[in-house]
Student: 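Below is the structure I would like to discuss, written out as structure tokens.
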Amino acid sequence: MLDLRKFYPLAGLLFAFTALAEQPDTLREIFWGTPNFSYASRALPPEKLSKIGVNYVSHLFYWQNFEVAPGQWNDKFLQSQKSFIDELAANGIVSGIRLGEAHPGAQEWNAENGKPYGGRHRKLYPGDNDTDERYFRYLAFLAREFKGKVDHYVLGDELDMIYGASFRNEERLREYFDFFTKAAAVILREDPDAKLVVFPFAWGETVKNAKLLNDWGIGEFADGFCLNMARTDTTSIDYLAEIASGIRALSPDYRLYSNGFGYLSDLLPEEVQAVELAHNMIRIWQTGWNYLPYYTLASNQHPWSAGLYQENLVEGEISPRMALGVFERLSGLLSRQSRVSESEFAIVGIETPFGTHSLDEFPAADIHTLWQSDGNRSFGILKFQRSGDARILNVTVELPEGGPNQSLRVINAVDGSVHTPEIQKDLETRRVKLQTEVRNEPLIFRWIDDS
Amino acid sequence: MKRTKTQTHQRACWQGFIQGVAFMGILSQVSATQVDWSGRDGLQPSEADSGFTQTASSSANVYMSDEALVMETPPDGGASLEYAFSLSEAGAPIVIEVEASSVSERDAAAIKVLSGVNGVSTWLFEASNLRIVMSSAESSVYVPVKTGDRHVYRYEIEGVDVRILIDDRMVFEGVMTAPLKTAKLLIGNVSPGGGSMEIFRISISIPDGQSEMSGENEQNLMDQNPIAWDIPGDQPRAVFKDWPSNADAIIIEASYQASAARQCQWYLLCEGSYGKKIISLANRLVSIAESDFQTERFFIQVPKGTETVRLERVVASSVAPFILRSLKITPVEILAKNEVFERTSPLGNTPIGQSFAMDPKLRILGIAVPIRRSFDSRRIPSRLVCRVSSAGSETAEWQLPAGMISDAYDSIAVFLDGEPKQVGPEMRFDLDSGIAEPRFYGYYQYDLSWNDPYPEGNASQGGRAEASTDITFFILSAIHRS
């Protein structure tokens, strides 16, 4: 039986890196990225971000950072943000702005709960003077200052979770719809090319919320919807797929945004986190999201600092973590919408001590095969359905034949190791067969030019 | 006459350990009014038709000396005798005498009377003491005795009271957590550590009138020992013919030493009216030291109509070998379940639970709940607690150390009890991580559905019932040979 571990030459590592990282930006349809927490720019400055496969940054903006008091604008902060976004753009990185407030419900939240909502900002929000009119002036200010620099604005921040605006409270959701409509008009007046995304969804019955907003006419100005994706959301592909298909059924033009995905536990071993990231990225890709900033991992040592890299708080040094390799490898590969076929890449036999068996006889094998037909960028993925599967299964797979001067490479998505497997060609069907192992780490199959 | 190791090993196959049919035959022998075995008769207990089963790893040397059964084991080997019995009334008096000597490493040579974790465990400890542990208590009592010499260890058990005498001298009195209804007497080298144990005589007394089992009514049927098979660690394969037709699932309890996860792969071939179906699983826990044996429980659903199950293992070669100490196979029936899940949710410092109605005639053997660990169990020694209550009063509390729950997606916490529990008509179970600050110390993840797939029950979090939510779970009962 083939043992993948025999095929891990260093040269192969370099080859895999080069082959997968080469992705023309013009063909990009999925934007893998990161949120812009302040440490992130120190750890990964823009010139490094694009090198690791990141071409999208989601900026979380808070009103009070820009307008520190009514009519008093913080020019220094504004300039720092503009410079950061310019520097990102110079490195081919797209910026989106997530507005960290959801105004109307906030005032009522304070009244209902008898205390101000601290939310995501340490300064209390909203203050007595934080009226809708002032907020719209702030939005106009942002749109004017960031015109041409920003791809999209995300309005409303997890308001179903925080302010109870959902189909269960239709009146409140309608209030937000009216608010979004006014906010959109303000932003588009200043920056007609800006895309607007509405983000009422942290959890729960997302499609029901989206349907109400769509019925009321949000499609007239909204480019798409945004969703939170914690670790628990990405465990089940069905959950994400149902939301994606539900929103696309409202309109195929809606794009799917994520506030962020991840929230892996930093209390897990490094390898477990890396494998889970690989599985999550593949799952999210399959379901068709367009903008995906990756949350760094929560850490009990230094919340938010761990993840793709580790920060030495004393020395100030940054060292890459195992998950970084996964992010880098896959964000290039999975940069175009999935057009997968599960039949093109098939399991034709599983070796067991009782002989060779078909998938029908091994229903709990839980193996997932995907083939992305995309010309020279075609690739296959072989993996267990979910991360953390401890089994090792020896399988025979069948997949489409490559070009005349191409060789098949099998790349481990987690450690980047690569090998060239022995294949059997079937000239009649123009398909090839090979033996391989299915392990916890997803494997990528690609035909690569011999030259 | 001393038997060679090979001869002994061949004899160890007596019970047809590869043949499940034979296992079932052994396990149907459950009680006797008086069992007396003496080494002077020259027969091993398992040969004397007295109801003992005998297990030995291939590295062990088990033979008859002139007047004793001798068990010689290396540090990674084991050899034991087991006698299962059942009482018609919980707490009925039992007297057990074992005349033995031992020169073994600490905790190797044991004499135990247990029902699950309830009972009394003793060890002929480092040739110097009798170490005694009651039920699940972690503290030990040490009674000085030269265990290398021949002594009579006498165990008198009645109700929850236990008295231990050595050569007619009372040395210990203790209390169990519950009276015994069914139990096992286990004698031998069953823990890591090598040595030698000589057993000269065994006497088991259950007063007249306590041992007969009619098997005619449901109550008695429930009280019989459940079907289960212990497979010695050196057996790479087993066949279970005449598989119980009402088995919905299998619990596999493996005790092993592994240098890495997935070092050992188990394959099960189920055959029945549907044809053939393969199921596979792998070890997920890792040992950190030579003496570190992990215990992992798997829960596997098997197709309806299964008639035969074949089990085979494949072990990857490694510098540190995979050592399987024991493998216990228990077929179970699923009495209630919600196998739907849509989301996973963290189990932090707020207990989660599920309540539902259960037929009061039924007794449960255990509960299996899909749950994963999101922290390093070596850094955070949490114990996952499952409390079972019936009509508001607690009937059982089961615990699993975090180390027995893996971080794999298909990890499942299997809580088992030696004595099946009657829990109807209003049953609930609650899981408590015991972790006060999940943000810093980690959490588990459990599966649930928000669409009320199990309308007979309600989930709860922190004591607050959530009618539309159900936890993914399986309530299990033992299967008995009719």
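Since this is a predicted model, take the numbers as computed values, not measurements. Letters A, B, ... are given to chains in the order of the sequence lines, protein chains preceding strands, and every chain is numbered from 1.
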Student: Please state whether the side chain, the backbone, both or neither of A:Asn440 comes within less than 4.5 Å of a heavy atom of chain B.
Tutor: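 Its backbone and side chain both get close to chain B.
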Student: Report yes if some heavy atom in the side chain of A:Leu393 is under 4.5 Å from a heavy atom in the side chain of B:Ser280; otherwise report no.
Tutor: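 SC-SC contact between A:Leu393 and B:Ser280 confirmed.
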Student: For residues A:Phe354 and B:Glu312, report the shortest heavy-atom separation together with the two atoms involved.
Tutor: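 A:Phe354 and B:Glu312 have their closest heavy atoms at CZ-CB, 3.7 Å.
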Student: Go through the atoms of B:Phe341 and report whether side chain, backbone, both or neither lie under 4.5 Å from a heavy atom of chain A.
Tutor: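 The answer is the side chain of B:Phe341.
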Student: Using 0.5 Å steps for rounding, measure from the CG atom of B:Asp410 to the CD atom of A:Gln385.
Tutor: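 One finds 12.0 Å between CG of B:Asp410 and CD of A:Gln385.
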Student: For B:Leu268, which atoms come within 4.5 Å of any heavy atom of chain A: side chain, backbone, both, or neither?
Tutor: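 Contact with chain A involves the backbone of B:Leu268 alone.
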Student: Which heavy atom in B:Lys277 sits nearest to a heavy atom in A:Asp360, and how many Å separate them?
Tutor: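 Residues B:Lys277 and A:Asp360, closest heavy atoms: NZ-O, 3.1 Å.
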Student: Does B:Arg343 come within less than 4.0 Å of A:Glu242, counting only side-chain N to carboxylate O?
Tutor: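 Looking at B:Arg343 and A:Glu242, the cut-off is not met.
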Student: Who among B:Ile300, B:Ile278, B:Ile279 has the most heavy-atom pairs with chain A under 4.5 Å?
Tutor: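 Result: the option with the highest number of such pairs is B:Ile278.
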Student: Measuring heavy-atom distances to chain B, does A:Asp238 have an atom under 4.5 Å in its side chain, in its backbone, in both, or in neither?
Tutor: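 A:Asp238 has no heavy atom closer than 4.5 Å to chain B.
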Student: What closest approach, in Å, do A:Ala390 and B:Asn283 show between heavy atoms, and which atom pair accounts for it?
Tutor: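 Smallest interatomic distance, heavy atoms only, reads CB-O, 3.9 Å.
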Student: Hey, what do you get for SG (B:Cys270) to CD (A:Glu361), rounding to the nearest 0.5 Å?
Tutor: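 Rounded to the nearest 0.5 Å, the SG-CD separation comes to 12.0 Å.
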Student: Within a radius of less than 6.0 Å around CD of A:Glu271, do more than 12 heavy atoms belonging to other residues, nucleotides or ligands occur?
Tutor: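 Check fails, neighbour count at 12 or below.
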Student: Heavy-atom pairs under 4.5 Å with chain A - which of B:Lys276, B:Gln301, B:Gln445, B:Gln265 has more of them than the others?
Tutor: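 If we count pairs closer than 4.5 Å to chain A, B:Gln265 comes out on top.
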Student: Quick one: closest heavy-atom pair of A:Arg386 and B:Thr344, and the distance?
Tutor: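 That would be NH2-CG2, 4.4 Å.
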Student: I need the residue from B:Arg372, B:Arg262, B:Arg313 with the largest number of non-hydrogen atom pairs under 4.5 Å to chain A.
Tutor: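 Ranked by heavy-atom pairs under 4.5 Å with chain A, first place is B:Arg262.
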Student: Please classify the contact between A:Phe362 and chain B as side chain, backbone, both or neither, with a heavy-atom cut-off of under 4.5 Å.
Tutor: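 Both backbone and side chain.
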Student: Check whether B:Leu285 gets within reach of chain A through its side chain, its backbone, both or neither, counting any heavy atom under 4.5 Å.
Tutor: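 For B:Leu285, neither part sits under 4.5 Å from chain A.
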